[in-house]
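Here's the structure we're looking at; comments come further down.
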Amino acid sequence: MRVLGIETSCDETGVALYDTEHGLTADALYSQVAMHAEYGGVVPELASRDHTRRLLPLIQQVLDDAGLTRVQLDAIAYTAGPGLVGALMVGASTAHGMARALGIPVLGVHHMEGHLLAPMLEPESPDFPFVALLVSGGHTQLVAVEGLGRYRLLGESVDDAAGEAFDKAAKMLGLDYPGGPQVAKLAAVGDPTRFRFPRPMTDRPGLDFSFSGLKTHTLTAIRELEAAGALDGQARADVARAFEEAVVDTLAIKCRRALDDTGLKRLVVAGGVSANARLRERLAAACEKRGARAYYPRGRFCTDNGAMIAYVGAQRLVAGERDDPGIMQAVPRWPLETLREP
Ligand code: KG4
Ligand code: ZN
């Protein structure tokens, strides 16, 4: 089955073709990051307008790369949520329109299920069951994954997501959007011993996260340095380092706990923050100690992309799932735990 995947939930237009016989045969991405950077964050209306401009040419590009024409498609999968509703609508309406014109099935996919299963696109993919750490701009969750659609939420952030915290810390440090990679770059030249920031919610049992206190702590540290006339380049790097260490350490502590609690030996890490090198280092060490193994999507599939949507869509479509052709889905809030086996 040849499935076209469409992702438009936020600021990346992603399109890919997944063939259940030959795997991923094409994928293309247009990132709007530069456009939103000027505003310091994603402007929803601009995002929707840009998806409208980019989507059809990207679909054509993917078809050309895969050496296919539209009529050779067997189904279409699109991100139905969670995300920005206007942005989601661009993908959803295009998918439904194309599917109707071609007389093929169409299916709305959960964006986070895409991130969760993105490592399945790699040559050495994890078998079920595994623990997954989902860390993106909108989500921080630990999930026990028993199979496709069998997700048990172990813990999640009670306030800011880890990526959001990185983006806010970046703003405080005067860095550009999206902040995660910039904070990481600055942190690399920071002194890890100069400041120690708190590791929120690690001193009590449980697998929930909280990052808003850390945000306040970071702001206070910056203000104190500023007031003392000591906020030079090195101090900013040292603050970035202390912040990154605190987030990474917190995530690593909870991952260790999740592996120990479940007795599972596989850890999948996905979502934008999974690109963070310090996080990968720390999780590798935690896994090694437990005879466990960490799995990641390749770099460009850590952040939003069409490939993960095409993949998840293909798994569910093959199992017979599809949308009602008359009902287009665009769901801004959609808890992962409500998903079911196909
Ligand atoms: O998964 P994603 O592309 O979009 C969402 O669905 O949210 O994740 C984007 C998030 C942003 O908050 C970005 O700052 C963060 O991932 N991020 C990073 C790194 N690369 C991206 N955070 C820390 N370190 C990085 N290297
Ligand atoms: Zn995402």
Side-chain angles (χ1 to χ4, degrees), residues 1-20 22-33 42 47-48 50-70 72-84 87-99 102 104-122 125 134 136-138 270-272 274-275 296-318 323 328-331:
M1 184 185 251
R2 297 189 191 108
V3 179
L4 183 75
I6 297 175
E7 155 66 38
T8 64
S9 68
C10 191
D11 59 348
E12 247 109 33
T13 319
V15 180
L17 198 112
Y18 187 84
D19 183 324
T20 49
H22 302 108
L24 188 71
T25 45
D27 89 281
L29 187 82
Y30 181 85
S31 173
Q32 308 176 354
V33 162
V42 178
S48 316
D50 210 51
H51 286 308
T52 310
R53 272 192 291 271
R54 308 290 170 191
L55 186 53
L56 292 177
L58 271 188
I59 291 173
Q60 193 55 53
Q61 184 186 327
V62 161
L63 288 171
D64 291 347
D65 289 352
L68 297 174
T69 62
R70 260 170 293 190
Q72 290 173 291
L73 293 174
D74 297 308
I76 302 183
Y78 64 96
T79 303
L84 304 170
L88 290 166
M89 297 260 294
V90 178
S93 52
T94 303
H96 268 266
M98 274 184 79
L102 296 167
I104 56 177
V106 58
L107 181 68
V109 168
H110 193 290
H111 179 82
M112 298 311 290
E113 186 175 38
H115 278 306
L116 197 64
L117 301 184
M120 298 298 193
L121 290 161
E122 301 311 315
S125 60
L134 291 175
S136 71
S274 70
Y296 298 89
R298 74 193 75 167
R300 69 176 195 281
F301 295 164
C302 282
T303 45
D304 294 349
N305 64 86
M308 65 186 194
I309 303 305
Y311 175 80
V312 169
Q315 307 311 306
R316 289 187 170 275
L317 282 153
V318 160
D323 280 2
M328 189 177 91
Q329 297 188 73
V331 194

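Contact of the Ser125 side chain with the Pro119 side chain is not registered, since no non-hydrogen atoms from C-beta on lie closer than 4.5 Å. Annotation: side chain of Leu73 is in contact with side chain of Leu17 (closest heavy-atom distance under 4.5 Å). The shortest distance between side-chain heavy atoms of Leu117 and Gln315 does not fall below 4.5 Å. Here the side chains of Leu29 and Glu12 are in contact, with some heavy-atom distance below 4.5 Å. At a threshold of 4.5 Å between non-hydrogen side-chain atoms, the residues Ser48 and Met89 do not count as touching. Val318 has its side chain out of reach of Val3: every pair of non-hydrogen atoms, C-beta onward, lies at least 4.5 Å apart.
Each of Thr94, Val90, Val109, Val106 was compared with Tyr78 under the side chain to side chain contact (heavy atoms under 4.5 Å, CB included) criterion, and only Val106 meets it.
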Side chains of residues 303-313: which donor-acceptor pairs under 3.5 Å do they make with residues two or more places apart or in other chains?
{"from": "Asp304", "atom 1": "OD1", "to": "His111", "atom 2": "NE2", "distance (Å)": "3.1"}
{"from": "Asp304", "atom 1": "OD1", "to": "His115", "atom 2": "NE2", "distance (Å)": "2.9"}
{"from": "Asn305", "atom 1": "OD1", "to": "Ala307", "atom 2": "N", "distance (Å)": "3.0"}
{"from": "Asn305", "atom 1": "OD1", "to": "Met308", "atom 2": "N", "distance (Å)": "2.8"}
{"from": "Asn305", "atom 1": "ND2", "to": "Phe301", "atom 2": "O", "distance (Å)": "3.4"}
{"from": "Asn305", "atom 1": "ND2", "to": "Thr303", "atom 2": "O", "distance (Å)": "2.9"}

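With Arg2 contributing its side chain and Gln72 its backbone, the two residues share a donor-acceptor pair below 3.5 Å. In this structure, Arg70 contributes its side chain and Met98 its backbone to no donor-acceptor pair below 3.5 Å. Side-chain N or O atoms of Glu122 include one that pairs as donor or acceptor with a backbone N or O of Arg298 at under 3.5 Å. In this structure a side-chain-to-backbone donor-acceptor pair under 3.5 Å is present from Thr20 to Met1.
Every residue two or more places apart in sequence or in another chain that forms a side-chain contact (heavy atoms from CB on, under 4.5 Å) with Thr13 is listed here: Thr8, Tyr30, Gln32, His51, Arg54, Leu55, Leu58.
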